[in-house]
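Side chains are part of it too, since the values below use all heavy atoms of this structure and drop only hydrogens, waters and symmetry mates. Below, chain A is the first sequence line, B the second, and so on; all start at residue 1.
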There are 2 protein chains.
Amino acid sequence: MGASKTHIFSPTHNELAQIAKVMAHPARVAILEYISKQDACICNDLVDVIGLAQPTISQHLNEIKKIGLLKGTFEGKNLCYCINQERWEELQEAFNTFFSNINRNCC
Amino acid sequence: MGASKTHIFSPTHNELAQIAKVMAHPARVAILEYISKQDACICNDLVDVIGLAQPTISQHLNEIKKIGLLKGTFEGKNLCYCINQERWEELQEAFNTFFSNINRNCC
DNA sequence: TTACTTTATCGTAATATTGCAATATAAAAT
DNA sequence: ATTTTATATTGCAATATTACGATAAAGTAA
């Protein structure tokens with residue numbers, strides 16, 4: 001088949017998986033780290049920093065944008081965007097909650 | 001191309017991506033949640049709980065095993081395994097560290 | 001032994017992801 | 001108006017993932 005059977009899983013499980021999928025590529029991890037550590041927004045040097053072709057970076061940025069991790073203006077030549085901190089913290093909390101729920105009585 | 005250019009990224013970025021990849025499927029999120037909430041080990045009802053075919057579950061379990069999230073004995077008919085808590089906490093910490101590193105001065 | 005139960009592996013089809021060249025778009029600079 | 005600069009989109013090839021039927025393997029029960 002090849003396509004995930006998303007319909008048989010709960011919204012919570014699907015959402016966490018979707019978020020994880022965005023982080024499931026080293027380029028996107030690197031991009032996220034880079035942007036999150038910038039002092040200002042405007043980051044038009046990603047292609048040099050990451051080392052992938054410009055269309056590829058553009059695609060990765062789009063995946064990141066899709067889950068709401070970027071905010072700013074996306075118009076014209078010089079974009080101006082940065083990490084959406086509210087969303088960032090939501091994701092942190094989502095992972096943290098998931099990993100906090102564990103029983104201790106095991107082999 | 002289709003294959004990720006892992007060699008151009010740092011070990012840290014690749015590792016986090018690899019971990020995220022395991023969580024990037026709702027079935028694996030559901031499996032992890034189920035196992036982590038069991039009182040004992042032996043979980044031979046995953047196929048019914050998750051709702052995917054037995055070979056598919058087996059494959060997903062293998063992905064989870066690969067990043068060291070399961071411990072126990074994997075021999076014969078009745079497996080006996082559960083979450084490797086040390087590793088579990090390592091992953092929690094890895095995500096937490098990643099999300100904690102963010103600058104605040106932005107648009 | 002034979003049948004049963006449970007998990008693993010193989011083979012294969014369907015779909016998704018990754019990456020880039022070519023090209024388009026859109027604003028700024030000259 | 002033309003060139004330059006920066007990002008987006010399209011199209012396509014290579015690879016990876018997802019899923020399952022068929023079958024194997026390996027222990028348990030009769």
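Residues A:Ile50 and A:Ile57 form a side-chain contact, since some pair of their non-hydrogen atoms from C-beta on lies under 4.5 Å apart.
If you take CG of A:Asp45 and P of D:dT5, they are 16 Å apart, rounded to a whole angstrom.
For C:dA8, its base sits under 3.5 Å from the side chain of B:Gln54 at one donor and acceptor pair at least.
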For B:Glu89 and B:Glu93, what are the C-alpha separation, side-chain angles and deciding distance, and is it a side chain to side chain contact (heavy atoms under 4.5 Å, CB included)? CA-CA 6 Å; B:Glu89 280 155 28; B:Glu93 190 54 28; over 6 Å; no
For B:Gln92 and A:Asn96: C-alpha separation, side-chain torsions, deciding distance, then whether side chain to side chain donor-acceptor pair (under 3.5 Å) applies. CA-CA 6 Å; B:Gln92 178 167 32; A:Asn96 216 45; 3.3 Å; yes
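Here D:dA19 is the nucleotide among C:dG19, D:dA19, D:dA8 with the atom lying nearest to any side-chain atom of B:Leu52. Comparing D:dT9, C:dG19, C:dG11 against the side chain of B:Gln59 picks out C:dG11 as the nearest. Distances were taken from every side-chain heavy atom of B:Pro55 (C-beta onward) to each of D:dT18, D:dA8, D:dC20; the shortest belongs to D:dC20.
Contact between the side-chain N/O atoms of B:Thr56 and the OP1/OP2 oxygens of D:dT18 is not found at any separation under 4.0 Å. Residue A:Lys21 places at least one side-chain N or O under 4.0 Å from the OP1 or OP2 atom of C:dT17. In this model, the phosphate group of C:dT7 is not approached by any side-chain N or O of B:Ser58 to a distance below 4.0 Å at OP1 or OP2. Listed pair B:His60 / D:dT17 fails the phosphate criterion, with no side-chain N or O lying under 4.0 Å from OP1 or OP2. Distances shorter than 4.0 Å separate some side-chain N or O of A:Lys5 from OP1 or OP2 on D:dC20.
When the shell of 6.0 Å around CD of B:Glu63 is examined, it contains more than 12 heavy atoms from other residues, nucleotides or ligands.
Contact annotation for A:Ser4: backbone-only contact, meaning every heavy-atom pair under 4.0 Å involves sugar-phosphate atoms and none involves a base.
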